[in-house]
Amino acid sequence: MQYNHKEIEENWQKFWADNQTFKATNPAQSSDQGDADKPKYYVLDMFPYPSGAGLHVGHPLGYIASDIYARYKRHKGFNVLHPQGYDSFGLPAEQYAIQTGQHPAKTTEANITTYRKQLDKIGFSFDWSREVRTSDPAYYKWTQWIFIQLFNSWYNKDTDKAEDIATLISIFKKDGNTTVNAVADAETKPFSSEAWKAFSKTEQEAILLQYRLTYLSDTEVNWCPILGTVLANDEIVNGVSERGGHPVVRKKMTQWSMRISAYAQRLLDGLEKIDWPQPLKDSQTNWIGRSQGAMVSFDIEVGTPKGSTDIKLSYKELEALKELRLNLSKAEGILWDELKNKKGAAKFRKKYTIGSFLVDYVCLAKNTIVEFSGKEDEGARTAFFAKEGFNVLRITNEEVIESVLKVVAKINNTLQFPTVVKVEKPIANSKSAAYKIDVFTTRPDTIFGVSFMTLAPEHPLVSKIVTGAQKKAVNAYIKATAKRSERERMADVKTISGVFTGAYALHPFTGEKVQIWIGDYVLANYGTGAVMAVPCGDQRDYDFAKHFGIAIPNIFEGIDISEAAHTGKEGTIIANSDFLSGLNYKKALKLAIFEMEKRGFGYGKINYRLRDAVFSRQRYWGEPFPVYYKDGMPQMIDEKHLPIVLPAVEKYLPTEAGEPPLGRATSWAWDSRGKKVVSNEKLKNKTVFPLELNTMPGWAGSSWYFNRYMDANNQGAFVSKESLEYWKEVDLYIGGSEHATGHLLYARFWQKFLFDKGIVPVDEFAKKLINQGMILGTSAFVYRATAFVKNGCDIDKSNDDVLAKIPTLFVSKNNFSSDAEFETVVKNYLSDKGYLNPNFADLVMITNTPLHADVSLVNSSDELDVEAFKKQPINQDYQKAIFFLKDGKYVVGREAEKMSKSKYNVVNPDDIVEEYGADALRLFEMFLGPLDQAKPWKTSGISGVYSFLKKLWKLYIDENGVAVSDEKATKEELKTLHKTIKKVAEDIENFSFNTSVATFMIAVNELTALKCNKKEVLAPLLVLLSPYAPHITEELWSKLGNKESISTVEFPVFEAKHLVESAKKYPISFNGKMRFTLELPLDFSKDEIEAAVLADEKTIAQLAGVAPKKVIIVPGKIVNIVH
RNA sequence: GCUGAAGUGGUGGAAUUGGUAGACACGCUGGACUUAAAAUCCAGUGGUCAGUAAUGGCCGUGCGGGUUCAAGUCCCGCCUUCAGUACCA
């Protein structure tokens, strides 16, 4: 009897389906508790999006691994939950609907049918009775329900969890909002309890919306007016839409958002207690982006009463200024040598702008200007400087040249006894300032190094503070940046651009005026959209300052910043920083925050990069929101009226008015009295309201599906309490790493929210997670020769005449190894065959173009079926092409690339199953390499596992049928068995599936060599193998006379006694190099071993008379002789 | 730039706490069976040198150092590849 995989696999797949072999029991579902008194184990795959292309060989990799683990756990006595379903809302179905007019539900259904067929053929032990589909109203009813829960919740920072909105309302009634410690929108205004009660209902709702965990907000999006849709960042290439190349602008739209930022810290902390891959945790940590620092408020001094005398320096002037600083006159240079680096009594700067005046030297700390006399506008200068609170000292060239020390003494004297006294501390937090700029900084210790500020061009303050003279330039700049997508802006790091606003901020400690610029290196949606620029300590600030000629004060002791900013922290001593001078980074940081808090213009703060997630999509094929609008305020539909089912539309495009596709629905209004969705015509009625037109994003349904599987058919609840209590969380989750910062972060967020609300019992949904690596396709290449006439050749024949004679030629890979060789080989071939006149050969240049060939036309020796290649429709042009073979074969080139249709390297699992069977496919996918690694697929390798299965079969079955005996197994046979038990169990626990396949092969090879046919060995072997190759093992198991499925048979127990050996082949090394082996009894002591080894004649030969210096013996391991 | 992972025969990959590098396969070469092919079975297969041969020597885990009786494995410094991510203040 031959191994017939087809028949066996079909039979057993039918058996499993008919007997519901893999149906998991819930505690409440059976009176006798069934399997539910066993310990539970929940193995989950990331459910697939059912795409039209179907599965390729890379998709099932993770499913096979999880299936092996699930089956293993069943053998180990667990009640295993191993479900599967479909993430069936998604873009491709919608796109297809737009093109064909077919309803996405229809195409999705068809795709699911295909998927299911493909999956079934591989023999997974899924419990299909719990299948979920995110696009099924019975499922998304609960997605809508969770949305309502989020809407009805706020985040209380004091209790550090989400609470019902009712508790917030009662606080508002009692105390207003000033005592509330909540995560809320930035621009919430304080109000008292009286004020709260006085607000209208709509006003109250607007305020509550600022606190809810899901809320409406104006969010900047990439809007493509021509496509009438919002585009994701990666749908934009070079500022135009990827599809169609239409212009894209940044536009504000009202959208639903999720306040995931409230959970930033808990999402970070939670990573500690889950067993997920470190790289994945790292990328989540990175994404959350916690940074510790301070918020600092800078007052703005808007346009000055001095009007036009205020700064008006153009770039040119600034550039000139820069020049001036470098080119000092002789006297200027002499004096600067004495003043610089704090040689004088205080720190001076040279060639500094104050207002629109360029002064020679200034000490900002002491408000003292030193300049050479004889300037034309001396009167105006004196007046302006006095007004600004500066003390002016005028000196002459002659004085300096005569005695610079005398001048320095004069300056010092002025510093000590200033004639003009300025207000000691700035009015930094005074109420008089009209505007303030809040910034977040991680380096409050460098605050004295601030020499300017930069706002994002979109910053709301920009329009308010810009001075008349700068308005034009600023507006032009804003317009230019608005055109660029965010991604583009971020990608373009090299260009430094920005515009001065004309306004100044006051340094909160020194009161010094610092220029306020706008620049697109500052991002509107990170931090506050503004930075305090410390050019000496931040490279971007440094570059900006250099580019625009802004001062770069150095506040680091003994650090040279003439070339680049100093960004290091450790070991840095702060200087020129008032009370922070002389302190190290850590102390300065603490003291700076302490002082800021004391003086009231700043406070310590932890900032997160994680932004609230936009939850609206202007699409059709997604979950509708259970929301209608009354007086412009969103209202939730009561949960008992859910689901709100996606309405029919005639087209899946946005409306002409730019509304989402749901704007086309004719029945999309909420009758608040009849409690149902009604025709839009009834909107005239006072009790009928418009429904939300957006739909939910793809991640909505996938953020909680793992909970639904626990009780997938529950009509009355999200999941029953008992099911949640029993299954709790996913024990093992397998899927791709591409979901690291999307699905896996959002799902953790929802789980924590549901936990806060007491809906689920644990706050992390997956204990352990494994990322499977990608399977790459092994593309096949043919090499096409293309002829060109070389440049600069003077030939009387036209190029065409020369080239026309040359046919298309494909060269076999084994004819050449480099491009140069390729050219020579082709030319020789063409000349030999008479296609190319040898006289022209020198004029012709041959280039090598590799083209993808379909991998299905290539055999295991990389030989191409040339005739089949020519027959392919895409190769119409090559009917007459010549194939330059070698040894009668056309050999293709090989390269591993991502599997994709366009690369003709996709391998369909159906074909593999057809030819070799599901068991071979399963074994082979595991045998390819470590689960988490990317590895290339080469179908030829499958013959190895296929012949393994045939060998296995032969151990049990010969030409007369079952050939298994009940005789006692030999010692040798038991040793093989137990060695295998031990290794396979260890491998499965460590998810090292590739090595256990090798172990099975070794076992079968050994048992075949031993001619073993003992049931005592062969029966347990089947159980070991059954998670990997379930069909053949079921078949052989039943052939051994068992009536029940093998799937829950107890896993064989390893007995160490079978592995005990009495002797060991010791490797004997000399100076660490293994020379020969020597078999010695294992119970030999060190001395006995040494004696035996040294007495051996091979040892004597190796030593050649030299006495060993040292003999190292590790009993049971190795002997090493040093000589 | 930053973060993470990884570099081992012609190929995919093995190798416990440092202890016989290349398990198990693919491919290749030779042989058996066959009219032939497929399938199957047997043998060989890291490089190199010596030898008719059995066999033996030397070199070998990206590169350069180091620790050790002993290094693919540990330490230091580089190089390369892949993946993720980025003006994050």
Side-chain angles (χ1 to χ4, degrees), chain A residues 2 277-283 285-287 289-291 293 439-443 446 453-454 456 487 489-496 519-523 525-534 537-541 543-544 607-611 737-738 740-741 771 773-774 776 778 860-862 894 896 923-924 927-930 932-945 947-948 950-951 954 983 986 992 994-1002 1005 1065-1077 1108-1114 1116-1123:
Chain A
Q2 291 266 309
Q278 198 54 43
L280 197 153
K281 285 189 185 181
D282 289 343
S283 72
T285 306
N286 215 305
W287 191 263
R290 178 190 150 112
S291 51
V439 298
F440 175 74
T441 174
T442 52
R443 297 292 304 273
T446 62
M453 305 195 74
T454 315
R487 176 161 287 209
R489 261 170 71 176
M490 292 193 282
D492 181 16
V493 186
K494 281 169 213 123
T495 336
I496 296 165
D520 67 2
Y521 78 98
V522 178
L523 303 176
N525 30 20
Y526 180 74
T528 60
V531 300
M532 59 173 226
V534 183
D538 181 286
Q539 194 55 46
R540 285 156 307 149
D541 294 345
D543 295 341
F544 196 87
N607 206 44
Y608 299 92
R609 193 176 80 106
L610 184 69
R611 302 176 203 167
S737 56
E738 67 273 20
T741 51
N771 288 131
M774 198 177 16
L776 303 167
T778 311
S860 60
S861 306
D862 292 349
R894 291 289 206 173
L923 282 168
F924 185 52
F927 191 50
L928 281 176
D932 51 1
Q933 220 171 75
K935 48 217 166 250
W937 175 275
K938 243 182 138 180
T939 303
S940 58
I942 202 165
S943 62
V945 291
S947 56
F948 158 75
K950 283 191 284 192
K951 261 193 217 167
K954 278 194 203 155
K983 180 85 170 97
E986 280 170 6
S992 175
N994 54 329
T995 51
S996 42
V997 176
T999 306
F1000 288 128
M1001 289 174 170
I1002 293 168
N1005 287 347
K1065 258 192 185 172
Y1066 276 94
I1068 313 297
S1069 346
F1070 293 82
N1071 289 338
K1073 280 176 191 149
M1074 208 283 286
R1075 284 295 120 105
F1076 59 89
T1077 58
K1109 281 188 197 138
K1110 204 170 171 188
V1111 180
I1112 284 147
I1113 293 159
V1114 184
K1117 281 243 158 86
I1118 199 167
V1119 176
N1120 190 18
I1121 298 166
V1122 187
H1123 61 91

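Keep in mind it's a predicted model, so treat the numbers as computed, not measured. Quick note on labels: first sequence line is chain A, next is B, and so on, each numbered from 1.
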If you check every side-chain atom of A:Ser947, which of B:G4, B:A86, B:C26 has the closest atom?
B:C26
How is A:Glu738 classified with respect to the nucleic acid when contacts are heavy atoms under 4.0 Å: base, sugar-phosphate, or nothing?
nothing
Is the side chain of A:Asn994 donor-acceptor paired with the backbone N or O of A:Leu928 at a distance under 3.5 Å, no angle test?
no
How do A:Ala934 and A:Ile942 order along RNA chain B: which one's closest nucleotide is nearer the 5' end?
A:Ala934
What's the closest nucleotide to the side chain of A:Arg611 if the choices are B:C88, B:G4, B:A25?
B:C88
Counting the atoms with a prime plus P, OP1 and OP2 as sugar-phosphate, which does A:Arg1075 contact under 4.0 Å by heavy atoms, base, sugar-phosphate, or nothing?
sugar-phosphate
Would you mind telling me which of B:A14, B:A89, B:C59 lies closest to the side-chain atoms of A:Val531?
B:A89
Considering only the P atoms, how many Å lie between B:G47 and B:G60, rounded to the nearest integer?
16 Å
Could you tell me the separation between the CD atom of A:Gln278 and the C1' atom of B:G84, rounded to a whole number of Å?
14 Å
Are OP1 or OP2 of B:C69 and a side-chain N or O of A:Asn1071 less than 4.0 angstrom apart?
no
N or O in side chain of A:Tyr1066 less than 4.0 angstrom from B:U20 OP1/OP2:
no
Taking the P atom in each of B:C69 and B:G12, what is the distance between them to the nearest angstrom?
37 Å
Checking B:C24, B:C26, B:A39 against the side chain of A:Lys950 (C-beta onward), the nearest is B:A39
Any base atoms under 4.0 Å from A:Val1114, or only sugar-phosphate, or nothing? Heavy atoms, all strands.
base
Between A:Gln933 and B:G13, is there a contact of a side-chain N or O with OP1 or OP2 at under 4.0 Å?
yes
So A:Met532 and A:Thr446, do their side chains get closer than 4.5 Å, heavy atoms only?
yes
Is there a donor-acceptor pair closer than 3.5 Å between any side-chain N or O of A:Asn1120 and the backbone N or O of A:Gly1072?
yes
Any base atoms under 4.0 Å from A:Asp282, or only sugar-phosphate, or nothing? Heavy atoms, all strands.
sugar-phosphate
Distance between the P atoms of B:C28 and B:G18, in whole angstroms?
40 Å
Ignoring the backbone of A:Asn1005, work out which of B:U40, B:G84, B:C24 is nearest its side chain.
B:C24
For B:G9, glycosidic torsion class - syn if within 90° of 0, otherwise anti
syn
Does a donor on one side chain and an acceptor on the other come within less than 3.5 Å for A:Tyr521 and A:Thr454?
yes
Ignoring the backbone of A:Pro930, work out which of B:G13, B:G19, B:A25 is nearest its side chain.
B:G13
Listed nucleotide nearest any side-chain atom of A:Trp287, set B:C24, B:U85, B:C69
B:U85
Whole-Å C1' distance, B:A86 and B:U3
10 Å
Expected output check: what is the dot-bracket annotation of RNA chain B, where ( ) and [ ] are pairs inside the strand (brackets for crossing ones), | is paired with another strand, and pairs are Watson-Crick or G-U under 3.5 Å?
(((((((..(((......[....)))((((((.......))))))(((((....)))))..(((((..]....))))))))))))....
Does any part of the side chain of A:Arg1075, heavy atoms only, come nearer than 4.5 Å to the side chain of A:Ile1068, both counted from C-beta?
no
A:Lys281 side chain to A:Pro279 backbone, donor-acceptor under 3.5 Å:
no
State whether a side-chain donor-acceptor pair under 3.5 Å links A:Thr285 with A:Trp287.
no
Between atom CG in A:Asp520 and atom P in B:C88, what is the gap in whole Å?
13 Å
Closest nucleotide among B:G19, B:G13, B:C88 to the A:Lys1117 side chain
B:G19
Pick the C1' atom in B:G66 and in B:A71, then give their distance to the nearest Å.
11 Å
It should be established whether A:Lys951 places a side-chain nitrogen or oxygen under 4.0 Å from OP1 or OP2 of nucleotide B:C41.
no
B:A15 versus B:G22 - spacing of their P atoms, nearest Å:
13 Å
Between P on B:A89 and CZ on A:Arg443, what's the gap in Å once rounded to a whole number?
11 Å
Given B:A70, B:U20, B:C26, which nucleotide is nearest the side-chain atoms of A:Asn1120?
B:A70
Taking atom P in both B:A70 and B:G51, compute the distance separating them and give it to the nearest angstrom.
34 Å
Quick one: label A:Pro1067 by what it contacts on the DNA or RNA (base, sugar-phosphate, nothing), any heavy atom closer than 4.0 Å.
base
Expressed as a whole number of Å, how far does the P atom of B:A43 sit from that of B:U48?
25 Å
Answer with base, sugar-phosphate or nothing: what part of the nucleic acid does A:Ser943 contact at a heavy-atom distance below 4.0 Å?
sugar-phosphate
Any donor-acceptor pair under 3.5 Å from A:Lys983 side chain to A:Ser996 backbone
no
Checking all strands, does A:Asp541 fall into the base, sugar-phosphate, or nothing category for heavy-atom contacts under 4.0 angstrom?
nothing
Looking at A:Asn286, is its backbone amide N or carbonyl O close enough to the side chain of A:Arg609 to form a donor-acceptor pair, meaning the two atoms are under 3.5 Å apart?
yes
Quick one: sort the A:Trp937 and A:Phe924 rings into parallel, tilted or perpendicular, breaks at 30° and 60°.
perpendicular
B:A5 phosphate, OP1 or OP2, under 4.0 Å from A:Asn771 side-chain N/O
no
Report the residue (A:Ser1069 or A:Met532) whose heavy-atom-nearest nucleotide on RNA chain B is the more 5′ of the two.
A:Ser1069
For A:Lys1073, report the nucleic acid contact type (base, sugar-phosphate, nothing); a contact means any heavy atom under 4.0 Å.
sugar-phosphate
With the side chain of A:Arg540 defined as its heavy atoms from C-beta on, choose the nearest nucleotide among B:G13, B:A89, B:G4.
B:A89
